[in-house]
Amino acid sequence: IISSVDFYGISIAHIKENISPEFWQNAPHKHNHCEIFIHLKGEMDIFVEKSFYHIQKNCIRVYNSNELHYGKCSFAQPMEWYQISIPCKYFSNPNHNAVSQVLYNRAPGEKNVFFSNQFQQIVQLLEETFKQYQENTPLRYLYFQSAVTKILCILNQEDNNTSLLKQKNKNLQKIIDCVYSDFDKISTVNDLSRLTFFSPSYIHKIFKECMNITPYRFICDKKLDEAKKLL
């Protein structure tokens, strides 16, 4: 089941199905909008900028429009989540600046994944929004607006957001840090091997296991991202 509703460029989707590894995009990417995921079932790994996280049920993940990210799971499984997509122009409105903290007022790749002690309240807001749309009530747009605003307010309350989930792999982290800090010196996996002192075969292996992409693809994507910034 994949259903969605939208209002003034903001959309809410409800995904509930058996998800295969092929479902996920196979390279780090960005969007021209912000994303909030409310996970109800299933698990996966994500990469955001230089950080890795393990996602499980009852956690929340967020991306702003400037964060390079990528997700994967290694096996088919039943998964369910709500996804809220918010265009950047929403936050250009001065009235909405106060609710942009959880998305923009943090270092890239930091605090992307967390638990909230108001998780069930967030789910209830989303369920009610879909119910109003399914019943085509006259108040459905007001429910939509109030639900999105309330969810952003909840997520901005740091005392409600706990237990940051970050996956540790020191060798992979060292390789990623090298790509980010010395990308102008790196064009091939051999360049990366020379700078990190890991063998090319090991670099290929760890990228395949943790990110399911080749290190060369990751290098190219990082260079493309930097080129876009210059343009």
Side-chain angles (χ1 to χ4, degrees), residues 15 18-37 39 41-57 59-79 81 83 106-114 163-231:
I15 294 87
N18 199 54
I19 302 293
S20 69
E22 291 74 27
F23 178 88
W24 310 103
Q25 295 200 42
N26 61 356
H29 59 282
K30 291 182 179 181
H31 303 295
N32 58 0
H33 57 267
C34 301
E35 293 180 323
I36 302 170
F37 295 83
H39 287 272
K41 183 186 294 184
E43 59 181 280
M44 61 182 292
D45 295 318
I46 66 166
F47 155 78
V48 190
E49 292 294 336
K50 295 193 292 182
S51 299
F52 292 86
Y53 302 90
H54 182 71
I55 306 299
Q56 55 186 273
K57 67 177 183 179
C59 74
I60 297 169
R61 60 182 163 119
V62 297
Y63 306 131
N64 67 39
S65 58
N66 298 320
E67 288 182 302
L68 196 68
H69 62 276
Y70 161 77
K72 79 173 187 72
C73 62
S74 302
F75 55 93
Q77 59 183 306
M79 298 189 75
W81 69 85
Q83 178 176 335
R106 54 184 174 76
E110 292 297 324
K111 299 183 180 179
N112 293 91
V113 180
F114 46 82
S163 301
L164 179 68
L165 305 172
K166 185 168 287 191
Q167 188 176 17
K168 296 290 186 182
N169 187 314
K170 293 182 179 179
N171 288 347
L172 180 59
Q173 192 65 63
K174 182 177 179 180
I175 295 169
I176 297 294
D177 288 342
C178 182
V179 173
Y180 269 71
S181 62
D182 296 313
F183 68 90
D184 55 332
K185 303 174 184 176
I186 300 170
S187 298
T188 67
V189 179
N190 286 335
D191 294 333
L192 193 53
S193 174
R194 175 172 46 80
L195 290 170
T196 60
F197 302 104
F198 294 121
S199 70
S201 61
Y202 176 76
I203 293 173
H204 276 282
K205 178 183 177 182
I206 198 170
F207 265 81
K208 179 64 176 177
E209 289 178 350
C210 296
M211 298 179 67
N212 202 31
I213 61 171
T214 67
Y216 180 70
R217 178 66 181 271
F218 182 79
I219 293 167
C220 289
D221 285 333
K222 176 58 182 172
K223 285 183 175 291
L224 283 171
D225 184 49
E226 292 297 327
K228 288 176 183 177
K229 291 178 183 177
L230 292 173
L231 290 173

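Quick caveat: nothing in here was measured; it's all calculated off a predicted structure.
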>> If the condition is salt bridge (Lys or Arg N to Asp or Glu O under 4.0 Å), which residues does Lys41 pass it with, not counting sequence neighbours?
In response: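 Not a single residue meets the salt bridge (Lys or Arg N to Asp or Glu O under 4.0 Å) criterion with Lys41.
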
> Any side-chain heavy-atom pair from Asn32 and Ser65 closer than 4.5 angstrom?
Replying inline: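 No - every pair of side-chain heavy atoms lies 4.5 Å or more apart.
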
> Quick one: are His69 and Arg61 in side-chain contact, heavy atoms under 4.5 Å?
Replying inline: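 They are not in contact (no side-chain heavy atoms under 4.5 Å apart), so the answer is no.
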
>> Treating Lys111 as the side-chain partner and Val62 as the backbone partner, does any N or O pair qualify as donor plus acceptor under 3.5 Å?
In response: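 No, the answer is negative, given that no donor and acceptor are paired below the 3.5 Å cut-off.
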
> Side chain of Lys50, backbone of Ile176: donor and acceptor closer than 3.5 Å?
Replying inline: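 The answer is no, because no donor-acceptor pair under 3.5 Å joins these two groups.
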
Heavy-atom pair with the smallest gap, counting every atom of [X] and [Y]:
| X | Y | answer |
| --- | --- | --- |
| Pro78 | Asn18 | N-OD1, 3.2 Å |
| Gly109 | Tyr53 | O-OH, 2.5 Å |
| Ile175 | Leu192 | CG2-CD2, 3.6 Å |
| Glu110 | Ser51 | OE2-OG, 3.9 Å |
| Glu49 | Pro108 | CG-CB, 3.7 Å |
| Ser193 | Pro200 | OG-CD, 3.4 Å |

> Would Phe218 and Tyr70 count as a close aromatic pair, with their ring centres under 6.0 Å?
Replying inline: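 Here the rings of Tyr70 and Phe218 have centres that are no less than 6.0 Å from each other.
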
>> Taking side-chain hydrogen bond (donor to acceptor under 3.5 Å, both in side chains) as the definition, give me every residue that meets it alongside Glu43, ordered by chain and number, with sequence neighbours left out.
In response: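 Counting only residues at least two positions away or on another chain, Glu43 forms a side-chain hydrogen bond (donor to acceptor under 3.5 Å, both in side chains) with His54.
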
>> Apply side-chain contact (heavy atoms from CB on, under 4.5 Å) to residues Lys170 and Lys174 and explain how you reach the verdict.
In response: CA-CA 6 Å; Lys170 293 182 179 179; Lys174 182 177 179 180; over 6 Å; no

> Between Arg194 and Asp191, is there a side-chain N and carboxylate O pair less than 4.0 Å apart?
Replying inline: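 Salt bridge: yes.
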
>> side-chain contact (heavy atoms from CB on, under 4.5 Å), that's the test. Do Ile206 and Phe198 meet it? Break it down for me.
In response: CA-CA 10 Å; Ile206 198 170; Phe198 294 121; over 6 Å; no

> Parallel, tilted or perpendicular for Tyr63 and Phe37, by the 30°/60° rule?
Replying inline: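 It falls in the perpendicular class, over 60°.
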
> Given the rule in the side-chain contact (heavy atoms from CB on, under 4.5 Å) test, do His204 and Tyr216 qualify, once you have shown the distances and angles that lead to the verdict?
Replying inline: CA-CA 9 Å; His204 276 282; Tyr216 180 70; 5.8 Å; no

> Does the pair Ile15 and Met79 meet the rule for a side-chain contact (heavy atoms from CB on, under 4.5 Å), with working shown?
Replying inline: CA-CA 8 Å; Ile15 294 87; Met79 298 189 75; over 6 Å; no

> Under the criterion side chain to side chain donor-acceptor pair (under 3.5 Å), which of Lys30, Arg106, His31 is the partner of Glu67?
Replying inline: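 When side chain to side chain donor-acceptor pair (under 3.5 Å) is applied between Glu67 and each of Lys30, Arg106, His31, only Arg106 qualifies.
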
I need the [X] [atom1] to [Y] [atom2] distance, nearest 0.5 Å.
| X | Y | atom1 | atom2 | value |
| --- | --- | --- | --- | --- |
| Asn112 | Ile60 | CG | CD1 | 12.5 Å |
| Phe183 | Ile219 | CZ | CD1 | 12.5 Å |
| Glu22 | Cys73 | CD | SG | 8.5 Å |

